[in-house]
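Note sheet for the following structure.
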Amino acid sequence: MIGSLFEGKYRIVRLIGEGGMGAVYEAEHTLIGRQLAIKLLHPEYANQADIVQRFTREARAATAIRHANIIEVTDMGVTPTGQPFLVMELLEGTSLRRLVEPGKTMAQARLLDVMQQVLDALHAAHDRGIVHRDLKPDNIFLIRHAGRDDFVKVLDFGISKFLGPFGGVSSNTRTGSVLGTPQYMSPEQAMGRKDIDHRADLWAVGVMLYEASTGRPPYAGDNYNEVLAGILMNTPPPPRMVYPGVSPALEQVIVKALTRTLEQRYQTAVEFRNALLALQPDAAAVAPPAHRTDVGVSPPPAAALPVVTPTPYRSDLIRERWPALLSTRPSESP
């Protein structure tokens, strides 16, 4: 593919990474000299309508929302050999996943900043009637932009749901089908309900807050079904029981976000964002306590908590940086 020219203007420069469904390349727009990313579907999936539909949904969702905190998809097309491709902005930075690996926690001020941006992006999406349905640390990408670090880009609207007739696109998910990553699914997603709405995305934000604050996810298990059963039947331990460094105020926000009763959670991204915004004045003053070993999974001692900065752009990090673009589960329903 290196050197190939798509549609007379996108020249493939190098392979960034490859996965089960496709490959991501760096490309140059030859007419304007801009460097871009091209996501190319593998030939064996080019004739599978559901996979191609995910491509289309991803492009249309990002284009419809047009928000600075959502990855920009600028074009889509088909190669001479019949392979669909998406053209996107080229990102350099790191995924949130690298900052919330097991045993790692994020400083509260930094976490609040990142999650407020995520909620800004969700507000824009939900205002357009679009539900992401697969929010997770892998799909939150942090770059340096306009002189600031940790500028958020939300990735992968491939299994998003369009509520109503916007853009002529809707989800064709059947009742009983389960889409998404299990650890971040809301109870209604875990049940396979058809009437999933924007509040499923807000639950996922609550899960990410819990995980980034305590060093462990609220729900875990040895297999897919065990995780879903936990979401439906169990209440995770309060964040401060897992890691006392979580401030009491942040714990209250997380507990509300992860209430299984839908009506008792945050109802909009704006409401959720405002709750986080109210915590900012004292965020920097929260001091982590001494390390505890009397709870299930504990982060390292406070002094050992790493200060993680965005990593340089490296192709060998593609699976961590662009996991959604290289999904290995092509059998998922759109």
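- Contact of the P218 side chain with the V207 side chain is registered, since non-hydrogen atoms from C-beta on lie closer than 4.5 Å.
- Screening K136, Q183, R97, R216 for a side-chain hydrogen bond (donor to acceptor under 3.5 Å, both in side chains) with E211, the sole residue that qualifies is R97.
- Considering only heavy atoms from C-beta on, I16 comes within 4.5 Å of L90 through its side chain.
- Within the 4.5 Å cutoff, the side chain of Q108 has no heavy atoms near those of the S213 side chain.
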TODO: Would you check, one step at a time, whether the test side-chain contact (heavy atoms from CB on, under 4.5 Å) holds for R260 with W203?
DONE: CA-CA 9 Å; R260 286 201 300 277; W203 170 280; 4.1 Å; yes
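- Shown here is D222, whose CG atom has no more than 12 heavy atoms of other residues, nucleotides or ligands within 6.0 Å.
- Closest approach of M208 and P137 over heavy atoms only: SD-N, 3.6 Å.
- Although no hydrogens or angles enter the test, the distance criterion places a donor-acceptor pair under 3.5 Å between the side chain of Y219 and the main chain of N234.
- One finds a salt bridge joining K153 and E89 here, because a Lys/Arg side-chain nitrogen approaches an Asp/Glu carboxylate oxygen to under 4.0 Å.
- Contact check for D138 versus L155: no side-chain heavy atoms found under the 4.5 Å cut-off.
- How far CZ of R144 is from CG of L91: 15.5 Å, rounded to the nearest 0.5 Å.
- Side-chain contact annotation: T79 with T81, donor-acceptor N/O pair under 3.5 Å present.
- Heavy atoms only, all atoms of each residue included: L228 and P182 are closest at CD2-CB, 4.0 Å.
- Between the OG1 atom in T268 and the CG atom in L202 there is a gap of 7.0 Å [rounded to 0.5 Å].
- Note that NE2 of H123 and NE2 of H198 are 11.0 Å apart. Values are rounded to the nearest 0.5 Å.
- In this structure, a donor-acceptor pair under 3.5 Å is absent between the side chains of Q189 and Y184.
- Smallest separation of non-hydrogen atoms from L40 and P84: CD1-O, 3.7 Å.
- Using cut-offs of 30° and 60° on the angle between ring planes, the pair F151 and H145 is tilted.
- Within the 4.5 Å cutoff, the side chain of Y25 has no heavy atoms near those of the F85 side chain.
- Interatomic distance, I254 CD1 to S247 OG, rounded to the nearest 0.5 Å: 8.0 Å.
- Side-chain contact between N69 and V118 is absent, with no heavy atoms from C-beta onward closer than 4.5 Å.
- No path of Ile, Leu, Val, Met, Phe, Trp and Tyr side chains, each step under 4.5 Å between heavy atoms, connects V13 with F6, placing them in separate hydrophobic clusters.
- Side chain of H42 to backbone of E44: no donor-acceptor contact under 3.5 angstrom is found.
- Under a hydrophobic clustering in which Ile, Leu, Val, Met, Phe, Trp and Tyr are joined whenever their side-chain heavy atoms come within less than 4.5 Å, directly or via other members, F272 and V270 fall into different clusters.
- Q117 places a side-chain N or O within 3.5 Å of a backbone atom of D150 that can act as its donor or acceptor partner.
- Atom CG in L276 sits 8.0 Å away from atom CG in L111 (nearest 0.5 Å).
- Environment of CZ in R66: sparse, with no more than 12 heavy atoms of neighbouring residues, nucleotides or ligands closer than 6.0 Å.
- When the shell of 6.0 Å around NE2 of H67 is examined, it contains more than 12 heavy atoms from other residues, nucleotides or ligands.
- Residue I32 is not grouped with residue Y10 when hydrophobic side chains (ILVMFWY) are merged at heavy-atom distances under 4.5 angstrom, including chains of intermediate members.
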TODO: Go through the steps to decide whether R110 and L99 satisfy the test side-chain contact (heavy atoms from CB on, under 4.5 Å), and finish with yes or no.
DONE: CA-CA 11 Å; R110 186 181 190 188; L99 307 186; 3.7 Å; yes
- [ ] Take T74 and E72, measure what side-chain hydrogen bond (donor to acceptor under 3.5 Å, both in side chains) needs, and give me the verdict at the end.
- [x] CA-CA 6 Å; T74 59; E72 180 184 10; 5.9 Å; no
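- Residues S186 and I231 come closest through the heavy atom pair C-CG2, 4.1 Å.
- Side-chain atoms of T30 come within 3.5 Å of backbone N or O of K9 as a donor-acceptor pair.
- Transitive grouping of hydrophobic side chains (ILVMFWY, heavy atoms separated by less than 4.5 Å) keeps L119 and V255 in distinct clusters.
- The closest donor-acceptor contact from the side chain of Q267 to the backbone of L262 lies under 3.5 Å.
- Nearest heavy atom pair, residue I65 against residue R128, reads CA-CG, 4.4 Å.
- D75 is not listed as a side-chain neighbour of L36, based on a closest heavy-atom distance of 4.5 Å or more.
- With hydrogens and angles disregarded, no donor-acceptor distance shorter than 3.5 Å links the side chain of R11 to the backbone of E28.
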Task: Chi angles and distances behind the side-chain contact (heavy atoms from CB on, under 4.5 Å) call for V246, Y210 - done: CA-CA 9 Å; V246 181; Y210 188 109; over 6 Å; no
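- To the nearest 0.5 Å, atoms CD (Q280) and CG (L112) are separated by 6.0 Å.
- In the hydrophobic clustering of this structure, L31 does not group with V87; members are Ile, Leu, Val, Met, Phe, Trp, Tyr whose side-chain heavy atoms approach within less than 4.5 Å, directly or through other members.
- Checked by atom type and distance alone, the side chain of D201 never pairs as donor or acceptor with a backbone atom of L135 at under 3.5 Å.
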Open item on the list: With side-chain contact (heavy atoms from CB on, under 4.5 Å) as the criterion, how do F141 and I71 come out once you've worked through the C-alpha distance, each side chain's angles and the decisive distance to 0.1 Å?
Closed with: CA-CA 9 Å; F141 198 74; I71 189 170; over 6 Å; no
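- Counting all heavy atoms, side chain and backbone alike, L15 lies closest to A23 at CD1-CB, 3.9 Å.
- Counting only heavy atoms from C-beta outward, the side chains of V152 and D113 never approach each other to under 4.5 Å.
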